[in-house]
Amino acid sequence: MEKNNDFVKQITKKSENLSKWYIDVIKKAKLADYSPMKGMMVIRPYGYEIWELIKGNLDRMFKETGHRNAYFPLFIPESLLKKEAEHVKGFAPEVAWVTIGGNEVLKEKLAIRPTSEAIICSMYSKWIKSWRDLPLLINQWANIVRWEKVTKPFLRTTEFLWQEGHTVHSSYEEAEEETLKILDIYKTFAEKYLAIPVIPGLKSENEKFAGALKTYCIEALMPDGKALQMGTSHNLAQNFSKAFNIRFENKKQKIEYAWQTSWGVTTRLIGALIMAHGDDSGLILPPEISPFQTVIIPIAKGNRKQDILSEAKKIYDKLKKNKIRSFLDDRDSYTPGWKFSEWELKGVPVRIEIGPKDVEKKQLVLVNRINRKKIFVKQDNLLITLKKLLKEIQIDLFKRAKDFRENNTNSVEGFDELTETIETKRGFIKTGWCGSNKCEIQVKEKVSATIRVIINEKNSNSKKCAVCGKKAKHTVLFAKSY
RNA sequence: CGGGGCGUAGCGCAGUCUGGUAGCGUAUCGGUUUUGGGAACCGAGGGUCGGAAGUUCGAAUCUUCUCGCCCCGACCA
């Protein structure tokens, strides 16, 4: 009986089929559900609460670095979207258009924003006149529509939620500094809050944002060996300021085009969170970002029922007072065993059990979601032990994910070894690259893997390009990607 | 957007080949006893078989079209 750990029924095993497991968990844990429109999902309260925690923490980090929130329109007139040539070329295939308003056919069709550079830049050109107006540091939390062909809840949906920062600076160097500052915030957030280790770096020309000079990103490795881009930060240089006429008078009294950045993360982060940490029993949420850090399950037996319930309520109040997000599951219609499985499926990191024996001994049972290890703790020591356990779980999840990434990162030399490793092992493939578009495409055509991130911009320790054999300019990570 | 698979009760499925008026498990609702790993018993409700058109005396079942979802590719956060 104690041998069988298959407590949760009705979800596919993560080890057997990650995709199926992923969908099962999302539906059974009530994170999201499909809507009547293709590729559009409903984010249910439990899923949205995770987003609120992501949003709250990132928002604080943005504000601490001087950014302010604003809100721009959902629609972008076609003429504005077309102003930056590369930009419109990149997004055209996935834009949804509004052509009728009320009963009238519109004179100019309106794009539902696939990203907001165009509308925001058109406003910036009105607002910015002098170096004294800079830097301008604005972020917006918004929804976005991209008409994707293949969708998957959280990872790629037709409509998604995100934040997009759009900043304006008086020099290239300052814009570059901002781009890297945000990249660092993203990395810190991913690792400290989501407990997902990421690799920061530059995108290749092939993979960069339409309209950017340089695109930086953070990349994570998922359990199936595919890479997931978790955030991007672009140095737009003067590409958009020239297209949208954002000019300022600099300190030398010369008119100059402004230097810009843009950056974003999306509800995709929730998808990463689900895949990175979960197991055969369901989700495992890092304490920092879990809607409930603990769930209290009273085992209300026989004539001790009232007794136990009131003790459980006291524990709940105590945790609430100490700002530990918890849920008291005192529903009478489910048995304790059912609740254990349910909350494991929902990924709550610590379960607190309180039954007749515990009330007698003035103790509680804490159960770690990662390994189901039980800790018996005196009621007086609850806070200290619980806080320690939550910290431990946060760290363990990060460590687990990092070990996985390291075990699935292989260094290779030469085209054959590169393509063979991708085919047989997947994961990140570290190798030298000469910097040519042609070499990257050659790999893509053979094994459909691309350069996820350039991790060493300057030199590559005299390695050779894995494809052409010429001297390598960069060290890069190849991978298949989401 | 190409190749493959699937849409029948909230969920998981059988029934489709061979046409005859819809069933199983689970969940739900009411009641009683229960509660330390998805409780037991008694009773009840719930489906225009994804949608449309056609063939037929008769369609979940056959034909055509269409919508959606999943998997594998190509494209993207």
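All figures in this text were calculated on a predicted structure; none of them were measured in a lab. Residue numbers start from 1 in every chain, and the chains themselves are labelled A, B, ... in the order their sequence lines are given, proteins ahead of strands.
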Q) Any chance the rings of A:F209 and A:H87 have centres within less than 6.0 Å? A) yes
Taking only heavy atoms on the protein side, list every residue of residues 355-363 of chain A lying under 4.0 Å from any atom of RNA chain B, sorted numerically.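 By residue number: A:G355, A:P356, A:K357, A:D358.
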Atom CG of A:N206 and atom P of B:A74 are separated, to the nearest Å, by 14 Å
Pairwise P distance for B:C67 and B:U21, with rounding to whole Å: 33 Å
Comparing nearest nucleotides in RNA chain B, the 5'-proximal residue of the pair A:S35, A:R452 is A:S35
State, without any angle test, whether A:W263 and A:T261 hold a side-chain donor-acceptor pair at a distance under 3.5 Å. yes
For residues 416-428 of chain A, the side-chain hydrogen bond (donor to acceptor under 3.5 Å, both in side chains) pairs (sequence neighbours left out) are none
Its contact letters, B for base, S for sugar-phosphate only and - for none at protein heavy atoms under 4.0 Å, make nucleotides 1-8 of chain B read B-------
Any [X] side-chain nitrogen or oxygen under 4.0 Å from OP1 or OP2 of [N]:
{"X": "A:K305", "N": "B:U34", "value": "no"}
{"X": "A:Y22", "N": "B:C70", "value": "no"}
{"X": "A:K152", "N": "B:C71", "value": "yes"}

Of B:G37, B:C70, B:C75, the nucleotide closest to the side chain of A:E344 is B:G37
